[in-house]
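In what follows, a single structure is set out as C-alpha cells and then discussed.
One-based numbering along the sequence shown. These numbers were taken from a predicted model, which means no experiment stands behind them.
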Amino acid sequence: QVQLVESGGGLVQSGGSLRLSCTTSKFPLAEYAVVWSRQVPGKEREGVSCINNRDDTTYYSDSVKGRFTTSMDDAKNTVYLQMTGLKPEDTAIYSCATDIICAWTVIAGRGVVLPSSQIGPWGQGTQVTVAS
C-alpha cells in the first residue's frame with residue numbers, strides 16, 4: 001500500500017470554503033474507495049467522508065454532511081474534498097487513505113465514516129484552520 005498525498009489546506013474565516021486534494025502517481029485511485037479523516041493533536045482520528053467509484057456512492061459523517069462533498073477526477077487521479085460553511089470546530093489535519101469499501105455506522109446516535117480492516121496508510125495530511 002502507498003501513502004497518499006494531500007494538499008489544499010490553509011487558513012480561512014468561519015463560513016469560508018476550501019478544496020482539499022488527495023492523489024498519488026503510483027496507482028489509479030478509481031480502483032479503490034478513498035476515505036478522508038481528520039485529527040486534532042491529542043484527540044482520536046475522526047472519519048469525514050468516503051467515496052467508492054465501484055458503486056458510485058459517497059458517505060459522510062453527520063458532523064460534515066451537507067457542508068462537505070467528496071468527488072473523484074479519474075483523469076487527474078485525484079479525490080477532492082470540497083468544504084463549505086467551515087466552522088472553527090472543523091480545524092484539524094485532514095488525511096486520506098485508500099480502502100476496499102466505504103464503512104459507515106452510527107455511534108452515540110450520529111452517523112460516522114469508519115475505516116475498514118483493509119484501510120491503507122494515512123497520508124501526511126494537510127492543515128485546515130478555521131478562524132472564529
Side-chain angles (χ1 to χ4, degrees):
Q1 295 180 312
V2 177
Q3 187 178 61
L4 305 183
V5 179
E6 305 91 343
S7 63
L11 172 64
V12 298
Q13 294 187 351
S14 181
S17 300
L18 283 174
R19 187 178 72 169
L20 308 184
S21 298
C22 171
T23 191
T24 179
S25 62
K26 304 300 183 181
F27 56 87
L29 291 177
E31 298 179 3
Y32 296 86
V34 175
V35 181
W36 282 98
S37 70
R38 62 189 183 185
Q39 188 170 36
V40 176
K43 297 184 179 180
E44 63 184 16
R45 186 176 298 277
E46 175 189 18
V48 173
S49 68
C50 183
I51 181 169
N52 189 346
N53 272 0
R54 293 181 296 174
D55 57 8
D56 299 317
T57 57
T58 56
Y59 299 83
Y60 302 92
S61 293
D62 282 353
S63 60
V64 305
K65 190 174 184 179
R67 299 187 297 119
F68 292 8
T69 302
T70 187
S71 61
M72 182 176 292
D73 186 329
D74 289 346
K76 296 181 179 180
N77 200 41
T78 299
V79 169
Y80 299 103
L81 183 66
Q82 179 66 53
M83 307 183 296
T84 62
L86 284 164
K87 306 174 181 179
E89 51 263 44
D90 293 319
T91 295
I93 297 174
Y94 285 71
S95 302
C96 59
T98 59
D99 212 334
I100 300 300
I101 61 171
C102 287
W104 184 92
T105 190
V106 177
I107 300 177
R110 304 202 68 189
V112 294
V113 168
L114 293 175
S116 79
S117 62
Q118 302 300 314
I119 189 73
W122 296 107
Q124 293 296 308
T126 184
Q127 177 70 50
V128 172
T129 303
V130 184
S132 60

Please assess S37 against R45 for the test side-chain hydrogen bond (donor to acceptor under 3.5 Å, both in side chains), listing each intermediate value before the final yes or no.
CA-CA 7 Å; S37 70; R45 186 176 298 277; 3.0 Å; yes
Please determine whether side chain to side chain contact (heavy atoms under 4.5 Å, CB included) holds for the pair T23 and L4, giving the CA-CA distance in whole Å, both sets of side-chain angles, and the decisive distance to 0.1 Å.
CA-CA 6 Å; T23 191; L4 305 183; over 6 Å; no
Quick one: do T91 and Q127 satisfy side chain to side chain contact (heavy atoms under 4.5 Å, CB included)? Show the steps, please.
CA-CA 8 Å; T91 295; Q127 177 70 50; 4.0 Å; yes
The test is side chain to side chain contact (heavy atoms under 4.5 Å, CB included); show your working for C96 and V79 and say whether it passes.
CA-CA 9 Å; C96 59; V79 169; over 6 Å; no
After noting the C-alpha distance and the side-chain angles of D99 and S116, does the key distance pass the side-chain hydrogen bond (donor to acceptor under 3.5 Å, both in side chains) rule?
CA-CA 7 Å; D99 212 334; S116 79; 2.3 Å; yes
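Annotation for A97 and W122: closest pair CB-CE3, 3.5 Å, computed over non-hydrogen atoms. Across all their heavy atoms, G125 and S95 have their closest contact at CA-OG, 3.4 Å. Pairing each heavy atom of N77 with each of A30, the nearest pair is OD1-N, 4.4 Å. Here the closest non-hydrogen pair linking T126 and G8 is OG1-N, 3.9 Å.
Put simply, V113 and I93 are part of two different groups of oily side chains (I, L, V, M, F, W, Y) that touch within less than 4.5 Å, one to the next. V130 and W36 end up in the same hydrophobic cluster when Ile, Leu, Val, Met, Phe, Trp and Tyr side chains are linked at under 4.5 Å. Clustering ILVMFWY residues whenever any of their side-chain heavy atoms sit less than 4.5 angstrom apart, transitively, puts V112 in a cluster other than the one holding V35. Residues I107 and V40 do not share a hydrophobic cluster, defined by chaining ILVMFWY side chains whose heavy atoms lie under 4.5 Å apart. Note on L20: it does not cluster hydrophobically with Y80, by side-chain heavy-atom contacts below 4.5 Å among ILVMFWY residues.
For R67 (side chain) and G85 (main-chain N/O), a donor-acceptor pair under 3.5 Å exists by modelled atom type. Side-chain atoms of N53 do not come within 3.5 Å of backbone N or O of D56 as any donor-acceptor pair. Using a distance-only test at 3.5 Å, with no hydrogens or angles considered, a donor-acceptor pair links the side chain of T78 to the main chain of K76. Between the side chain of N52 and the main chain of V34, no donor-acceptor pair closer than 3.5 Å is present. When atom types are taken as modelled, the side chain of S17 and the backbone of T84 share no donor-acceptor pair closer than 3.5 angstrom.
Residues R38 and D90 have side chains in contact (heavy-atom distance under 4.5 Å, counting atoms from C-beta outward). Looking at Q124 and Q3, their side chains come closer than 4.5 Å, going by heavy atoms from C-beta outward. T70 is listed as a side-chain neighbour of Y60, based on a closest heavy-atom distance under 4.5 Å. Taking the side chain as every heavy atom from C-beta outward, T129 and V12 never approach each other to under 4.5 Å. Side chains of T57 and Y59 form a contact here, defined as non-hydrogen atoms less than 4.5 Å apart. With contacts defined as side-chain heavy-atom distances shorter than 4.5 Å, the pair T58/C50 does not qualify. Using a 4.5 Å heavy-atom threshold, the side chains of S63 and E46 count as touching. Residues S14 and S132 are not in side-chain contact: their nearest non-hydrogen atoms beyond the backbone lie 4.5 Å or more apart.
If you take CG on L29 and OG1 on T24, they are separated by 6.5 Å, rounding to the nearest 0.5 Å. Rounded to the nearest 0.5 Å, atoms SG (C22) and CD (E6) are 5.5 Å apart. Between W104 atom CH2 and L114 atom CG the span is 10.0 Å, to the nearest 0.5 Å. In this structure, S21 OG and D73 CG are separated by 9.5 Å, a value rounded to the nearest 0.5 Å. In this structure, CG on L18 lies 4.5 Å from CE on M83, to the nearest 0.5 angstrom.
Not counting sequence neighbours, Y94 has no partner by the ring pair (Phe, Tyr, Trp, His ring centres under 6.0 Å) test.
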